[in-house]
Amino acid sequence: QVQLVESGGGLVQAGGSLRLSCACSGRTLASYAMGWLRQAPGKEREFVAGINWNGGNTNYKDSVKGRFTISRDHAKNMLFLQMNSLKPEDTAVYYCAAVFQGKIGPTSAYPPSYEYDYWGQGTQVTVSS
């Protein structure tokens, strides 16, 4: 019913920037909370950034605050992650995910990972030193 596809990953030098996109098909995401999560080799998947249904609330992993910005475009049914000042430790596969806002509360932008019901296939981000 909901399919998510990430794009925009690639190889960049430390200090560079990338903009990740997540496109949805099947349903409008207007009533869904969205998130970006990442997984590095040998590591557990971790929360990076989240945004609630109307974009009024966002949440970020401490290590990316001030560098990453999550946003959404309801008209295009898309989610974005602008990543600036990239560091080698940001290297990972990045996934977008969605959960119906009514399931977790109207203002929540940081649900537990298990609450997300829909996931993309991931896009690789590699930051070289």
Side-chain angles (χ1 to χ4, degrees):
Q1 293 186 339
V2 175
Q3 292 185 316
L4 305 173
V5 180
E6 303 96 334
S7 62
L11 174 64
V12 298
Q13 289 283 119
S17 298
L18 284 174
R19 190 192 193 205
L20 304 184
S21 299
C22 177
C24 175
S25 63
R27 291 282 187 88
T28 177
L29 296 177
S31 59
Y32 287 76
M34 304 292 296
W36 287 99
L37 299 91
R38 68 188 183 189
Q39 187 168 22
K43 303 291 185 179
E44 297 295 319
R45 188 172 298 185
E46 63 179 1
F47 173 87
V48 176
I51 188 167
N52 78 326
W53 72 277
N54 67 1
N57 293 316
T58 58
N59 209 325
Y60 297 90
K61 175 180 173 64
D62 286 345
S63 64
V64 309
K65 289 180 179 177
R67 300 190 297 119
F68 292 9
T69 302
I70 188 171
S71 62
R72 64 194 305 165
D73 186 329
H74 288 300
K76 296 181 178 180
N77 214 30
M78 296 185 70
L79 177 74
F80 304 96
L81 184 67
Q82 179 66 46
M83 304 186 294
N84 298 326
S85 301
L86 283 162
K87 304 175 181 180
E89 52 262 44
D90 294 318
T91 296
V93 176
Y94 284 70
Y95 301 86
C96 68
V99 57
F100 182 60
Q101 193 74 60
K103 179 182 178 183
I104 60 175
T107 63
S108 178
Y110 185 29
S113 295
Y114 63 78
E115 293 284 6
Y116 289 109
D117 296 313
Y118 307 101
W119 295 81
Q121 84 292 339
T123 185
Q124 177 71 48
V125 171
T126 302
V127 184
S128 62
S129 60

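- Checked for salt-bridge contact, Lys87 and Asp90 miss the test: no charged N lies under 4.0 Å from a carboxylate O.
- In this structure, CE on Met34 lies 5.0 Å from SG on Cys22, to the nearest 0.5 angstrom.
- How far OG of Ser21 is from CD of Gln82: 9.5 Å, rounded to the nearest 0.5 Å.
- Expressed to the nearest 0.5 Å, how far OG1 of Thr58 lies from NZ of Lys65 amounts to 9.5 Å.
- Two residues are said to be in side-chain contact when any heavy atoms from C-beta on lie closer than 4.5 Å; Trp36 and Glu6 meet this criterion.
- Rounded to the nearest 0.5 angstrom, Ser85 OG and Phe68 CZ are separated by 9.0 Å.
- Looking only at side-chain heavy atoms (C-beta outward), Met78 and Leu29 stay at 4.5 Å or farther from each other.
- Counting only heavy atoms from C-beta outward, the side chains of Ser25 and Gln3 approach each other to under 4.5 Å.
- Between Leu4 and Leu79 there is no side-chain heavy-atom pair separated by less than 4.5 Å.
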Go through it in stages, so that I can follow the logic: the residues are Tyr94 and Met83, the test is side-chain contact (heavy atoms from CB on, under 4.5 Å), and I'd like the CA-CA distance, side-chain angles, deciding distance and then a yes or no.
CA-CA 12 Å; Tyr94 284 70; Met83 304 186 294; 3.9 Å; yes
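- Side-chain contact between Arg67 and Tyr60 is absent, with no heavy atoms from C-beta onward closer than 4.5 Å.
- By the 30° and 60° cut-offs, the orientation of the rings of Phe100 relative to Tyr32 is perpendicular.
- Considering OG of Ser71 and CZ of Arg19, their distance stands at 6.0 Å, rounded to 0.5 Å.
- For Asn54 and Asn52, the side-chain atoms include at least one donor-acceptor pair closer than 3.5 Å.
- A heavy-atom distance below 4.5 Å is not found between the side chains of Leu81 and Arg38.
- Across all non-hydrogen atoms, the minimal contact from Trp119 to Ser113 is CZ2-O, 3.8 Å.
- Ser17 places none of its side-chain heavy atoms less than 4.5 Å from the side chain of Val12.
- Under the 4.5 Å side-chain heavy-atom criterion for Ile, Leu, Val, Met, Phe, Trp and Tyr, Ile70 and Tyr116 are members of distinct hydrophobic clusters.
- Ring geometry, Phe47 versus Tyr110: the interplanar angle falls from 30° to 60°, so the pair is classed tilted.
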